[in-house]
Amino acid sequence: MAGTLAEKVWQDHVVRKGADGVPDLLYIDLHLVHEVTSPQAFEGLRLTGRTVRRPDLTLATEDHNTPTLDIDLPIADLTSRTQIDTLRNNAKEFGVRLHSLGDADQGIVHQVGPQLGLTMPGLTVVCGDSHTSTHGAFGALAFGIGTSEVEHVLATQTLPLAPFKTMAITVDGDLPPGATSKDIILAIIAKIGTGGGQGYVLEYRGEAIRRLSMEARMTICNMSIEAGARAGMIAPDQTTFDYLEGRPHAPEGADWDTAVEYWKTLRSDDDATFDAEVVLQASDLEPFITWGTNPGQGLPLSANVPVPEEIGDDNERTTAERAIEYMGLVPGTPLRDIHVDTVFIGSCTNGRIEDLRSVAKVVKGRKKADDVRVLVVPASARVRLQAEAEGLDRIFLDFGAEWRNAGCSMCLGMNPDQLKPGERAASTSNRNFEGRQGKGGRTHLVSPLVAAATAIRGTLSSLADLDLGEETDLTSFDGTPLAPLDPRLQVQV
Amino acid sequence: MEKFTTHTGVGVPLRRNNVDTDQIIPAVYLKRVTRTGFEDALFAAWRGDPSFVLNQEAYSSGSVLVAGADFGTGSSREHAVWALKDYGFKAVLAPRFADIFRGNSGKQGLLAAQVAQEDIELIWKILESEPGTEVTVDLEARTVICGDVVAQFQIDDYTRWRLMEGLDDIGLTLEHESEISDFEAQRQPWRPKTLPAKHLPAVEIEAARPVG
């Protein structure tokens, strides 16, 4: 029977088929763990005398709560320190591999999995973090879980899961210069809404998706949850295999050949049926930003702040009024006139090496706007090393930006990297909820290129607002061109 | 987990859509390593506003939250469910819930009942015009009763059964332990293992310092 990509991966993991409303029991290939959603799960194991069934399918890293400055000193905030210490003790007690602050493999869990070659096509991947959908870029079925489920996976390496529906999101055509995969996903969320994907696994397909690099694909899958979908997937192809080959945990020799042969079957059959379909033209896209307090409240940068009186639906109008008030905006203002205080470049959405390269390319030899604070936070310590090997750190520092250690940082403001009340940010992260980046903080979600242009001008801007000079090749901003890896980062087993 | 069959308590109208889990509990409260004691963190950013619904005497002892569509979107933090439970909520009614939040609620014995938007609007009107009105949620009959409004709610059969029996998921799964072992025995060798650890060479990471 014809099946979709998601259905095929699901079928390959059914330990026990449910019936009469009882969900299927699915096997989990890879369980990623971090300090914030795991302490109560380990405590649950301890209380019931259970163990971690498969420490060899589990990986922990410190990311949400860790500082991005002075990482060699004891963590100043005592509650934060306790939480980190708790993870360290739990990892030791239960035999789980942990990459701690200061370790070269520490970083945001959704960067660490792919860069180690642990994330691969056809896996089921879970983590107590909703942005686990990121790993779907490899053709894995990957989704966020709550702490009770973390405990369940630790104890059993399985999860009982209710069936989902499938939605195909086809992005045809070519992205125009200056638009990126972030603009694609922000446009998708604006189109289907923050609840549009509820109950679905999204599959992104079409020419524009095929042409994207792995990192650009991760940006798209990462934000599937912002459309309400637990998972987003992209069928694996040569781009996927090239990214994986030679990474530390990628299969080797005959295993590699077997794996690639299987991975090539992981695509939706031509006659597979989806429960819903959405089509977008990439050529219609332009840099997209959010103006409100949920990721679905987005518009092209050339638009104006919405005027609530013009919104017909009562609920939507009230929601817009509330958002505009919280964001301190005046209806009808051109989005380009909005001044920001902070530019945050980082997160599991856009803190990867290609993101940093594209920002560096724009800001090289320039100075940031005087009254703007610019924070650059690599997604992982390896990304930081790679950026330094390429000299990107010097470009950022000369620009006037701060070059930080790796972690989730200002994306969720659990560590000291927070917005102050009323402070406004252009952020390459994934959520613009009220207070997300600090109590009273105001967030506009943007692509790395918009972040870079905004840091230069001080107001929300795109590359089109900059005098880039003739030597800048705009077409190379789509994330595809990759510089060779630094030899220092060659694989060593 | 405590068994849930029926509950009657003061209804709290939260007339907002898209209440994400960052609103239910901001990230700064997630540093705790305990599973209880989150009541002070519930809706922390809104609790400072005297006009916020939970700050009004008539609603402060509420145990049935009546919210707008897309309740619990965003972060997977189960702390959102713990905070609602610790405050005293037994049930949340909304026209639509985020998937992860609904799942987390089911694991923790908090009833997430999906009620049609029209019925939510009727219940809001009653709760707002007569603050302190009680709402009865009957899981067996899948009905909500508030004043003269009697509405059906939706919940999947499996979650309903587990809530009514007060069953622990892990215990249920471990009854099939041998099937898990059988599955593991068939697992292909190319599938990754995190141990023994393989990685790139260890390189010292320089600590960033504050500027200015």
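Residue numbering restarts at 1 for every chain, and letters A, B, ... go by the order of the sequence lines. Quick caveat: nothing in here was measured; it's all calculated off a predicted structure.
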>> For a side chain to side chain contact (heavy atoms under 4.5 Å, CB included) check, start with the C-alpha distance between B:Ser76 and A:Arg230, then their side-chain angles and the critical distance, and finish with the verdict.
In response: CA-CA 10 Å; B:Ser76 62; A:Arg230 231 172 153 174; over 6 Å; no
> Tell me, which pairs form a salt bridge (Lys or Arg N to Asp or Glu O under 4.0 Å) where one or both residues lie in residues 85-94 of chain B, sequence neighbours left out?
Replying inline: none
Hey, can you pull the donor-acceptor pairs under 3.5 Å for the side chains in residues 152-159 of chain A, sequence neighbours left out?
residue, atom, partner, partner atom, Å
A:His152, NE2, B:Thr173, OG1, 2.8
A:Thr156, OG1, A:His152, O, 2.7
A:Thr156, OG1, A:Thr158, N, 3.1
A:Thr156, OG1, A:Thr158, O, 3.2
A:Thr156, OG1, A:Thr158, OG1, 2.8
A:Gln157, NE2, A:Ile28, O, 2.7

> When you measure from the side chain of B:Gln23 to the backbone N and O of A:Glu434, does any donor-acceptor pair fall under 3.5 Å?
Replying inline: yes
> Would you find a donor on one side and an acceptor on the other, under 3.5 Å apart, between the side chain of A:Gln83 and the backbone of B:Leu30?
Replying inline: yes
>> Go through it in stages, so that I can follow the logic: the residues are A:Asn294 and B:Thr73, the test is side chain to side chain contact (heavy atoms under 4.5 Å, CB included), and I'd like the CA-CA distance, side-chain angles, deciding distance and then a yes or no.
In response: CA-CA 10 Å; A:Asn294 73 58; B:Thr73 54; over 6 Å; no
> Judged by atom type as modelled, is there a donor-acceptor pair below 3.5 Å linking the side chain of A:Asn405 to the main-chain atoms of B:Glu206?
Replying inline: yes
> Once the angle between the rings of B:Phe183 and A:His13 is folded into 0 to 90°, is it parallel (under 30°), tilted (30 to 60°) or perpendicular (over 60°)?
Replying inline: tilted
> Side chain of A:Arg16, backbone of B:Ile180: donor and acceptor closer than 3.5 Å?
Replying inline: no
> Does the pair A:Asp77/B:Lys31 count as a salt bridge with the N-to-O cut at 4.0 Å?
Replying inline: yes
>> Do the side chains of A:Asp29 and B:Arg191 get close enough for a salt bridge, i.e. N-O under 4.0 angstrom?
In response: yes
>> Tell me if a side-chain donor or acceptor on B:Asp99 pairs with a main-chain N or O of A:Gln198 at a distance below 3.5 Å.
In response: no
>> Quick check: closest heavy atoms across B:Asp169 and A:Pro160, and the distance to 0.1 Å?
In response: OD2-CG, 4.0 Å
>> Run the side-chain hydrogen bond (donor to acceptor under 3.5 Å, both in side chains) test on B:Thr194 and A:Arg54 for me, step by step, so that the C-alpha distance in whole Å, both residues' side-chain angles and the decisive distance to 0.1 Å come before the verdict.
In response: CA-CA 10 Å; B:Thr194 58; A:Arg54 294 298 298 265; over 6 Å; no
>> Looking at A:Gln40 and B:Arg32, would you say the former's side chain and the latter's main chain have a donor-acceptor pair under 3.5 Å?
In response: yes
> If you look at every heavy atom in A:Leu385 and B:Glu204, which pair is closest and at what distance?
Replying inline: CD2-O, 4.3 Å
> Is a side-chain donor or acceptor of B:Arg77 paired with a backbone partner of A:Val36 at a separation under 3.5 angstrom?
Replying inline: no
> Thinking salt bridges, do A:Asp105 and B:Lys198 make one under a 4.0 Å N-O criterion?
Replying inline: no
> So, does A:Asp56 use its side chain to make a donor-acceptor pair with the main chain of B:Leu195 at under 3.5 Å?
Replying inline: no
> Looking only at heavy atoms, which two atoms of B:Glu78 and A:Thr147 are closest? And how far apart?
Replying inline: OE1-N, 2.8 Å
> Do A:Met120 and B:Pro192 come close enough that some side-chain heavy atom pair is under 4.5 Å?
Replying inline: yes
